[in-house]
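Worksheet for the structure shown next.
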Protein chains: 2
Amino acid sequence: MLPPVPTAVNLADVARIAGVSPATASRALSDHPHVAAATRARVWRVATDLEYVVSPEASRLAGGSTGRVAVVVPHLSRWFFGAMLEGLESVLREAGLDLLLYRVGEAAERQAFFDELPARRKVDAVVVLGFAVGDDERRRLERIGVDIVVAGEQSASYPSVRIDDHAAGRQAVDHLVHLGHRRIAMIAVHDPGADPAHPAGRSSAYHAALADAGIAADATLVVTVDRGAEQGVDQGAEAMGALLGATSPPTAVFAHSDELALGAVRTVRRAGLRVPEDVSVIGVDDHPLAALTDLSTVGQPVHEQGEIAGRMVVSGLRGEAVERVVLVPTRLVIRGSTAPPRRSRRGATRRADV
Amino acid sequence: MLPPVPTAVNLADVARIAGVSPATASRALSDHPHVAAATRARVWRVATDLEYVVSPEASRLAGGSTGRVAVVVPHLSRWFFGAMLEGLESVLREAGLDLLLYRVGEAAERQAFFDELPARRKVDAVVVLGFAVGDDERRRLERIGVDIVVAGEQSASYPSVRIDDHAAGRQAVDHLVHLGHRRIAMIAVHDPGADPAHPAGRSSAYHAALADAGIAADATLVVTVDRGAEQGVDQGAEAMGALLGATSPPTAVFAHSDELALGAVRTVRRAGLRVPEDVSVIGVDDHPLAALTDLSTVGQPVHEQGEIAGRMVVSGLRGEAVERVVLVPTRLVIRGSTAPPRRSRRGATRRADV
DNA sequence: GGAAGATCCGCAAACGCTTCCAGGAATCCG
DNA sequence: CGGATTCCTGGAAGCGTTTGCGGATCTTCC
């Protein structure tokens, strides 16, 4: 453990060579007022020549902020989180903030993170990407004592940026309804924190859209999978299997994510049926995979949500007011996986159609 | 910019309450020798009760290390980098090191990173993920004055972990040869730093495999794309278009990555041909997409390379010797995109196909 | 039982920077 | 031209740790 920079240049060196006191050198380099322009220029010259960089530890210790932001994210290898992180990183870098990354995948890691709070005393703010913080977690998190921003999920407690899940769900299900589908299934992600009375999620949009279309609810057409698994594709495939096995299978499926939708497509095809002729499938996210596989979806601006979260952090650190919640718009992206239902092959159970 | 932790508990508080000096408290908490067991226990008790956490800035300033590692990565939303980062993160976290993330995507960002070296004085080590550092970049990087590890790419200058690209290429091309293909194309990624005389890459493996099989080289069967674009799929699609347009198209294609391969598959299908019946396609990586789309590939353990890089960093920081280069094994994954060539339909120029 | 040695602990000096406070120089006004 | 501002600058006090050094206490052995 040698000293990181053996030939470190310190502020004192700069000051000495520039012929000023460390105090003045510090002020000059921090662009404080009340420093003569000539002096400021001279100090900067020397600092540049010597490739001086301030010791962040000393700087922070003497009273400043850490210049660091903790980002807590459940996954890294999934596109959604990577893209959001990318947007966030670009804004933070722009603002000169460093990004401390904490991944909290499975329950155990997550628990450990909130128990030990490794980011304590190390950052000026915390950004939670893509998952909702529970009540207990919230209480612990607040012990860090810094600003907190949530992105990609709703949060009652902290400023957050996200899509309007209800609107997104409506876009998807309304699209299927408009195509003429009546037996519309849903592959839903289980949301532990969901308030059943609070009509805001993708699931509630599904029910509302069906109700508006005068379609009776059918519990056998809803399959719920647990969130948190590494890949949603297999879960989607499995869920679709259950739906196809029903006595009266759906003609269209609304999946809560593109990954689930792709799994569903795979199962449909393996069952010898065709997409979209026999079954229409639509997802949410506009994952790059969706474009590649010609999947209809409801796109959300993921990168941009990361950027907005970054701006919220920066504003908060500047002491400016930040919005409680920013909703970014989603857009329906119609590709080749959705089409009107085939009227032939409609069995007795679909007589309502006729 | 309020103080991050208003009610911060300091070492002095712990010391006072435990009835010892700060010096002893520090030694007790750092598990130094020459502290009475009873004292040590008492200090720990108090520290735990008060939820004391050391100020990393002060600790570092007084002579320790930063406890941070910089990770430089070109992309975040692509699976390869995310997966590698995930492996790296898990090891660093285990070792109690914090991960400072720097993304350097396009040339401008990359240039800026190596010019300004934002990680300077902030970290104990630097990990470069998934790209080769140029000579000039290397010189600048060394000004940080800390250990450097490269993962997912070869590096003559630093300890590195990667796959054996030549072996991987052989696995892919030999597979195609064994299936009976003779007209085998390659969609290659342009490697600016490649030494033409140094026979180590995927491209050289292609040529070697063909030569071993007694197949004459045909320059029209090799298409090179530039690296660095966000998505390789479109490039692969375009490259495949060029190959199909040749007077004598290939019956099999070896793509340097799964993303390129998927683009190639798309073009083949859009041309009305079938995979693998008309054209076999194989990639490299074993991207999750490959499993989903039934693409044959040469899999590499990405997550594990991240872990190994992490262990190299940890060893280095402990002052232990680290290996110069670790090669991780690849494995041929045969799926549905490769098959023997069709002997019928082998026209002299394949015009019959169109 | 006394001295050498081992143990344990506290004092105080860094570490590199920021910022309060006050002093000296330059500028301005009447 | 004297005194009051205004500008700039330097001295010095921290910020919260770690650690070298020496002193105090306790063993242990002859």
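Given the structure is predicted, the values throughout are model-derived calculations rather than measurements. Protein chains get the first letters and strands the later ones, always in sequence-line order, with residue 1 at the start of each.
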Strictly below 4.0 Å: does [X] bring a side-chain N or O up to OP1 or OP2 of [N]?
{"X": "B:S26", "N": "D:dT17", "result": "no"}
{"X": "B:S55", "N": "D:dT17", "result": "no"}
{"X": "A:R121", "N": "D:dT17", "result": "yes"}
{"X": "B:Y52", "N": "D:dG16", "result": "no"}

Charged N to carboxylate O under 4.0 angstrom, [X] versus [Y]?
{"X": "B:D135", "Y": "B:R139", "result": "no"}
{"X": "A:R93", "Y": "B:E109", "result": "no"}
{"X": "A:E57", "Y": "B:R68", "result": "yes"}
{"X": "A:R311", "Y": "A:E320", "result": "no"}

Starting at [atom1] of [X], measure out to [atom2] of [Y] and round the result to the nearest 0.5 Å.
{"X": "B:L99", "Y": "A:R103", "atom1": "CG", "atom2": "CZ", "value": "11.0 Å"}
{"X": "A:R40", "Y": "A:T24", "atom1": "CZ", "atom2": "OG1", "value": "11.0 Å"}
{"X": "B:E51", "Y": "B:D49", "atom1": "CD", "atom2": "CG", "value": "9.5 Å"}
{"X": "B:S59", "Y": "A:L61", "atom1": "OG", "atom2": "CG", "value": "10.5 Å"}

- Item | Range on DNA chain C touched by chain B - first to last nucleotide, heavy-atom distance under 4.0 Å |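 First-to-last contact on DNA chain C, by the 4.0 Å heavy-atom rule, is C:dC8 to C:dC17.
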- Task: Using the six-membered ring wherever Trp is involved, compare the ring planes of B:F114 and B:F131 and label them parallel, tilted or perpendicular (cut-offs 30° and 60°).
- Result: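 Rings of B:F114 and B:F131: perpendicular, over 60°.
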- Message: Is there a side-chain contact between A:R162 and A:V150 in this structure, where contact means two heavy atoms from C-beta onward sitting under 4.5 Å apart?
- Response: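 Not touching, per the 4.5 Å side-chain cut-off.
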Using whole Å, what does the distance between atom [atom2] of nucleotide [N] and atom [atom1] of [X] come to?
{"X": "B:L11", "N": "D:dT18", "atom1": "CG", "atom2": "P", "result": "6 Å"}
{"X": "A:R60", "N": "D:dG14", "atom1": "CZ", "atom2": "P", "result": "18 Å"}
{"X": "B:E57", "N": "D:dT18", "atom1": "CD", "atom2": "C1'", "result": "15 Å"}

- Message: Based on the rotation axes of five pairs at each end, what angle does the helix from C:dG1-D:dC30 to C:dG30-D:dC1 bend through, to 10°?
- Response: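 Result, rounded to 10 degrees: 40°.
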- Selection from D:dT17, D:dG14, D:dG10 that lies nearest to any side-chain heavy atom of A:T24: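 Nearest listed nucleotide: D:dG10.
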- Item | Shortest side-chain distance from B:A62, nucleotide among D:dG10, D:dC15, D:dG16 |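 From the listed options, D:dG16 comes nearest.
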- Task: Let me know, please, whether B:A25 or A:V20 comes out on the 5' side of the other along DNA chain D by nearest nucleotide.
- Result: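 Nearer the 5' end of the strand: A:V20.
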- Do you know the tightest heavy-atom contact between A:V322 and A:S315?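 Between these two residues, the closest heavy atoms are CG1-CB, 3.7 Å.
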- Message: What residues from residues 27-48 of chain B pass a heavy-atom cutoff of under 4.0 Å to DNA chain D?
- Response: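 Under 4.0 Å from DNA chain D: B:R27, B:H32.
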